[in-house]
Amino acid sequence: TRSTRPQRMLKAVQKNAIRGNPESVISAIDYFCKHSEWAMNVGDEKGCILDSVVTEVDPSTVLELGTYCGYSTVRIARLLSPGTKFITVEFNPASAEVARKIIAYAGLQDKVTLVEGASGDLIPQIKKLYGITTFDFIFLDHWKDRYLPDIKLFEEYGLLRKGSVLLADNVICPGTPEYLEYVRNSPRYESRYYPSHLEYTKVEDGLEKSLFLG
Ligand SMILES: CNc1ncnc2c1ncn2[C@@H]1O[C@H](/C=C/CNC(=O)c2cc(-c3ccc(F)cc3)cc(O)c2O)[C@H](F)[C@H]1O
Ligand SMILES: [Mg+2]
């Protein structure tokens, strides 16, 4: 049977990257997406914005929704201080398997807890299952129509604190209009748009950073 795109991406990492070297894993995936097959990783341009926000926040607790192949997981994990709790959520078992292998190839498996499941099911249980009270940094990159319902779950289950930073991918393309409207109009958030481009293209896209005010 034909391989999947994530499986071909993993092969490219195993062929072109250096085991234990996160930068080379990131470069190998970007090269694969630019020269072989486009894939919906946050990419190098938006990835640099992601890097700068993670570095600025220097979080002790991190949540990522939508692991996919683990590209942004590797980007984030490589910047975290020792002891940081990082949970990434992926409900497609095939994607989760590829992500685990890519994260391990980068040597970052001890920094990341990859949870297989749906964000809507996991969020209510995170405190109980992982002993996390609030998240300092959340990266949203899963189904675009789930950003808004999930941010409301964060509020409902008390997973945000004054100063929590949420960073959302694809707020222009494919777009997350309801989410944008919410975070930009709610008095409980201070939002800022970071203009960029859809990964590996010249199409306009960007990231929305939202600070929870408590
Ligand atoms: C709903 N709760 C979930 N819980 C756990 N894992 C989940 C959940 N929902 C999805 N997943 C998991 O998260 C991933 C889904 C990512 C979706 N991403 C995109 O669609 C997306 C699309 C484009 C795009 C732009 C232009 C174009 F022409 C074509 C595509 C660009 C992007 O950067 C994206 O991120 C994974 F696949 C799914 O199993
Ligand atoms: Mg995305």
Side-chain angles (χ1 to χ4, degrees), residues 3-10 26 29-30 32-34 36-51 53-54 62-76 86-103 112-126 129-130 135 137-157 159 166-180 182-183 193-210:
S3 65
T4 64
R5 182 165 306 179
Q7 285 168 332
R8 293 192 292 273
M9 189 188 298
L10 171 60
I26 293 164
I29 293 173
D30 287 331
F32 173 81
C33 292
K34 286 173 185 169
S36 302
E37 304 181 57
W38 185 93
M40 61 182 175
N41 313 117
V42 73
D44 45 350
E45 192 181 313
K46 289 186 288 178
C48 284
I49 300 168
L50 169 63
D51 290 356
V53 174
V54 171
V62 179
L63 176 66
E64 173 182 62
L65 302 182
T67 316
Y68 185 43
C69 295
Y71 174 89
S72 49
T73 319
V74 168
R75 286 202 80 110
I76 294 167
F86 180 8
I87 294 175
T88 184
V89 189
E90 173 55 56
F91 66 19
N92 178 315
S95 291
E97 192 193 338
V98 165
R100 283 188 204 288
K101 289 173 179 168
I102 286 178
I103 293 161
V112 182
T113 302
L114 193 161
V115 180
E116 252 182 79
S119 54
D121 300 335
L122 179 81
I123 291 166
Q125 305 180 68
I126 279 180
L129 294 175
Y130 299 97
F135 284 105
F137 179 73
I138 297 174
F139 182 54
L140 299 99
D141 195 20
H142 57 330
W143 292 157
K144 308 314 161 194
D145 61 359
R146 291 293 310 177
Y147 286 21
L148 184 55
D150 284 353
I151 194 173
K152 290 189 170 171
L153 282 179
F154 296 140
E155 292 176 14
E156 186 186 339
Y157 287 89
L159 286 165
L166 296 98
L167 189 67
D169 189 27
N170 311 115
V171 296
I172 305 298
C173 177
T176 62
E178 302 86 8
Y179 174 82
L180 271 192
Y182 181 75
V183 289
Y193 175 61
Y194 290 77
S196 184
H197 296 92
L198 175 68
E199 49 267 28
Y200 318 115
T201 78
K202 292 184 168 46
V203 173
E204 186 189 347
D205 189 21
L207 302 166
E208 186 83 358
K209 184 176 90 168
S210 303

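Just so you know, these numbers come straight off a predicted model, no measurement behind them. Both ligands and their constituent atoms are indexed starting at 1 by order of listing. All values below were derived from every heavy atom in this structure, side-chain atoms included, with hydrogens, water molecules and symmetry-related copies excluded.
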- Query: Who's the nearest protein heavy-atom neighbour of atom 38 (C) of ligand 1, and how far?
  - Reply: Glu90 OE2, 3.3 Å
- Considering heavy atoms of the protein only, find what lies nearest to atom 5 (C) of ligand 1 and give residue, atom and distance to 0.1 Å. Gly117 O, 3.3 Å
- Message: Return the closest protein heavy atom for atom 28 (F) of ligand 1 as residue, atom name and distance.
- Response: Leu198 CD2, 5.0 Å
- For atom 1 (C) of ligand 1, the protein heavy atom that lies nearest, with its residue and separation: Arg146 CG, 3.4 Å
- Query: Is it true that Ser95 lies under 4.0 Å from ligand 1, counting heavy atoms only?
  - Reply: no
- Task: Look at ligand 1 and say whether Trp38 reaches it with a heavy atom at a distance under 4.0 Å.
- Result: yes
- Would you say Gly120 contacts ligand 1, with heavy atoms under 4.0 Å as the rule? no
- Would you please classify the geometry between the Trp143 ring and the Phe91 ring as parallel, tilted or perpendicular, with 30° and 60° separating the classes? perpendicular
- Going by the atom numbers of ligand 1, which of them fall below 4.0 Å from some non-hydrogen atom of Ser119? 1 (C), 2 (N), 3 (C), 4 (N), 5 (C)
- Item | Residue among Arg100, Glu90, Glu64 satisfying side chain to side chain donor-acceptor pair (under 3.5 Å) with Thr73 | Glu64
- Do Tyr147 and Asp141 pass the side chain to side chain contact (heavy atoms under 4.5 Å, CB included) test, and can you show the C-alpha distance, the side-chain angles, and the key distance before you say yes or no? CA-CA 8 Å; Tyr147 286 21; Asp141 195 20; 4.0 Å; yes
- Message: I need the nearest protein heavy-atom contact for atom 11 (N) of ligand 1: residue, atom name and distance, please.
- Response: Phe91 CE1, 3.7 Å
- Shortest protein contact, atom 37 (F) of ligand 1 (heavy atom only): Met40 CE, 3.3 Å
- Note on the structure: protein heavy-atom neighbour closest to atom 16 (C) of ligand 1 works out as Asp141 O, 3.4 Å
